[in-house]
Structure formats: structure tokens, C-alpha cells
Amino acid sequence: MLQDEDLSPATLAAQGLGAAPTPYRDIVPPIHAATTFERAADGSLPGGRMYARDASPAYDPAETLLCRLEEGAAAALFASGMAAASAVLLALRPGARIVAPHDMYWALRSWLIEFCANWQLRLDLYAGDDELAAQLQRPADLVWVETPANPTWEVTDIARAATLAHAAGARLVVDSTVPTPVFTRPLKLGADIVMHSATKYLNGHSDVVAGVLVSRSSDAFWARIKTARAAGGAVLGPFEAWLLNRGLRTLYPRVRTAAASAARIARHFEHHPALVAVLYPGLTSHPGHAVAARQMEGGFGAMLSLRVRGGEAAARAVTARVRIFRRATSLGSVESLIEHRASVEGPGTRCPVDLLRLSVGIEDTQDLIDDLEQALQVATAAA
Ligand code: PLP
């Protein structure tokens, strides 16, 4: 007989693990709105819960599923991806040393710099695998990796980073928002904690802000993270948790469709006269392609960037001309988004000024190609 362990992650996600949580054998879980739970006469908690800020049943379906998809021991939902990342920082001890990338989600990098300065944590930034290895010649407590990383989609070798981090005495946390568990499973590659902005692909419909951490083990560090969530109070509302759970049901077809489209768009525009470069880990021309091909399973994600010939003015002119791509920040939803990333990141950005970041959705690929072709005519005309 087919065992639960034999089922593919796509099947588990589509059926939300197939659990029937109430006497009605619901096909989808109810929304658990209760903030508090009744004690028995002897003061015990027969339902196993005391207060929703500590552990709400509203989180169970998504936490259990994500734990399974990432092959972890424990998962925790948060009110945002930033809240999830902050809980990891709050679990560190005074004087801890963090090694993090120069190129990563810019708001998290800015927050890391500010937080570490205010809380007297040591922060060392690296660019590329060799600098990471050099930084980890000395002891560290936490290594942060984002791969493929915003907005140039640089790829970090997770297995190598894990070996180096552990040799330096550090835990490895991987922000896997962009590849999702569909394409990369960092815990299997040696990471200790995987983090997602669930606002993106996991929910997938631009209508929930959420975050999640999944840990390889329920150790003391994880207990401190859970305390940071419960005491810090950055918890998700029950309706948002329910929406996230609903989004997770279609994670695999959404992400696979979007990634196949992104790969076709990247190949189509790779040698386009209006572009200086197409940055996509699935292209053999991308510096991280070989590592990505090794550590990503079945696809390279749905994020890519175009560097427009003619610099910032030409790039901005292209965003003004698109009709199907929506001019908005964020990523990972069913609708395709485009943004001039350097101006969104603002002063101090490391993003090239000619770069347009594309989050490819699930629209018809040819429509997206035609949209970019007609928008790029402004850059071609100016060249
Ligand atoms: N990590 C990555 C890669 C992101 O793109 C984002 C948001 O854009 C975050 C973390 C932060 O997540 P949130 O916006 O859910 O707080």
C-alpha cells in the first residue's frame, strides 16, 4: 500500500497533508480564531494550548506542512519574513559574531547592520563563496545565506557554506524565499534553519504578509526563537494563517509554471540588442549556474533581472511602457511584477542602476515576452 512517506511534496501540499481535523472531516481546515483555551477543573490544559500568542492552532496546518516540505523538525510562522529573521537575531547571545552577505534582500541587510550596531553584535559581510570561506576562518555564531540572492541572483553553495559554518562553530540560516522548497531544500544540504518570507511564493497571491522558520532540530536555540516569537509578540493573525495555508495548496503548480516561464523569458532575451545582460541562474552565462544546477532541484526559480542598455533613464523608460507586468515591489505572486530596483532600495544601494527586477507570474509566457519586447523598443530606439 502507498505509504504517506512515499508521497511527493506536491501531493502533500495539494492536500494540505490530507488531515481531517474535525468530526466533520473537513477537506480544508477551519479558521481557529480563539485567543485563549479553557482549563480543566484541576487547572490542566486538556487542549494542550493556553494562549494564542504562544501557540495558536491556527498555525498548525501551515507549520506542519512546511516542516514536512523542508524536512525539518519544527516550524514557526511569524507576522512577516522580517519578524522571522528578527527572531533569529533575538535568539543570539550578546557579543555574537554574524557573517552575512553584501548582496541580499536590502531591508534585511539594513536592519542587520543597524541591529548589530545597536546590540553590539559583530557583523562581517561577504561577497561570494571565497570571501565567505575567508570570513569563516575565525569563529562565528551565525552565518546568513540568501540564494539565489536579490537582485542579481548570485548563488551560494549551501553545502559548502554549511561545512564552513559548522567548522567555525556557527549555525547556518538560509533565506530560501526565492527558490522555495519546490527548488531547494537547504536543511537537506546541511543548513540549520531555513527562513521564508511567506508573503511571497508560499502564499502566492499578494494578500498576506507572513514569515516562517523551519529548523533542523528542536534544540535550545530553537526554544529561544520560539520565546522571541511568543514574548516579542510578532504573531500572525488566524485569517492570515488560513490564507497562507490555502496558498500553499497550489505552491507546486504555481511555482513550476512561473519558473518555466521565467526560464523561457530569460532565454528569449539573453542576446537582446536593448539589453546589456540577463541575470538568471538557469542561464549557463550566469556565474552561479554550475552551483545552482547542483543544488536546485528541477528548476531555477521565477526571478530574473534585465540590465538595460542606456542606463538608468532607459531602464525607467522600459518600466513606464509595460502593459502586462505590474509596476510594484515584492515578488512570488501569480501576477508578474517589474521594478527599477536601485531606486526602490535608495541611497547606498549596490544594485546596478540599469537593472530591472522581474518577478514572473503565471500569465501566458508569450504575452509576457510580447509585453517586454514592446517596452524594450524605447531602449532600442535610444541606443
Ligand atoms: N527575504 C527576501 C528574499 C525578501 O524578498 C523579503 C521581502 O521582500 C523578505 C525576506 C522580507 O519579508 P517580509 O516582507 O515578509 O517581511
Side-chain angles (χ1 to χ4, degrees), residues 62 66 70 75-90 100-115 144-156 158 173-184 186 191 193-214 228-229 232-237 240-241 243-244 247-248 255 258 262 279 281 288 296 300-305 326 328-333 335-346 349-351 355 357-361:
L66 286 164
E70 291 288 7
L77 295 186
F78 288 83
S80 66
M82 289 297 280
S86 296
V88 176
L89 300 183
L90 291 170
H102 269 293
D103 294 307
M104 62 190 287
Y105 173 54
W106 69 281
L108 182 49
R109 178 173 171 269
S110 307
W111 171 233
L112 256 179
I113 292 170
E114 195 179 322
F115 183 87
W144 196 275
V145 160
E146 180 182 320
T147 180
N150 268 289
T152 51
W153 318 114
E154 263 176 49
V155 177
T156 301
I158 297 174
V173 181
V174 176
D175 180 342
S176 202
T177 300
V178 166
T180 81
V182 177
F183 296 129
T184 306
I193 293 177
V194 54
M195 176 246 153
H196 293 274
S197 163
T199 315
K200 312 299 193 267
Y201 295 100
L202 299 187
N203 175 62
H205 294 78
S206 300
D207 54 12
V208 169
V209 175
V212 66
L213 298 174
V214 184
R229 182 179 76 166
V235 291
L236 199 62
E240 286 72 15
L243 276 178
L244 169 59
L248 280 167
V255 168
L279 307 177
M296 297 182 80
F300 297 92
M303 295 301 299
L304 69 144
S305 296
R326 312 292 292 271
T329 197
S330 199
L331 58 103
S333 191
E335 64 282 331
S336 294
L337 305 179
I338 188 166
E339 69 177 351
H340 179 251
R341 192 65 196 161
S343 57
V344 171
E345 295 189 4
T349 181
R350 286 167 54 91
C351 178
L355 184 146
R357 191 182 82 169
L358 270 51
S359 170
V360 176

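Indexing begins at 1, ligand by ligand and atom by atom, following the structure's order.
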Q: Working to the nearest 0.5 angstrom, can you tell me the gap between Leu355 CG and His340 NE2?
A: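 Answer for the CG-NE2 pair, Leu355 versus His340, is 7.5 Å.
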Q: For a quick check: using heavy atoms under 4.0 Å, what are the residues in contact with ligand 1, sorted by chain and number?
A: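 Answer by chain and number: Ser80, Gly81, Met82, Tyr105, Glu146, Asn150, Asp175, Thr177, Met195, Ser197, Thr199, Lys200, Ala210, Leu331.
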Q: With sequence neighbours left out, write down each residue that passes ring pair (Phe, Tyr, Trp, His ring centres under 6.0 Å) with Tyr105, or none if nothing qualifies.
A: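 So Tyr105 forms no ring pair (Phe, Tyr, Trp, His ring centres under 6.0 Å) with any residue.
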Q: If the test is side chain to side chain contact (heavy atoms under 4.5 Å, CB included), which one of Ile193, Leu66, Leu77, Val194 qualifies with Leu213?
A: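 Of Ile193, Leu66, Leu77, Val194, side chain to side chain contact (heavy atoms under 4.5 Å, CB included) with Leu213 is met by Ile193 alone.
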Q: Does any donor atom in the side chain of Glu335 or His205 lie under 3.5 Å from an acceptor atom in the other side chain?
A: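 Per modelled atom types, Glu335 and His205 side chains form no pair under 3.5 Å.
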Q: Consider only side-chain N and O atoms of Ser86 and Trp111, and report whether a donor and an acceptor are under 3.5 Å apart.
A: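 Present: a donor and an acceptor within the cut-off.
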Q: If the threshold is 4.0 Å, N to carboxylate O, is there a salt bridge linking Arg357 and Glu339?
A: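 Yes, charged N to carboxylate O under 4.0 Å.
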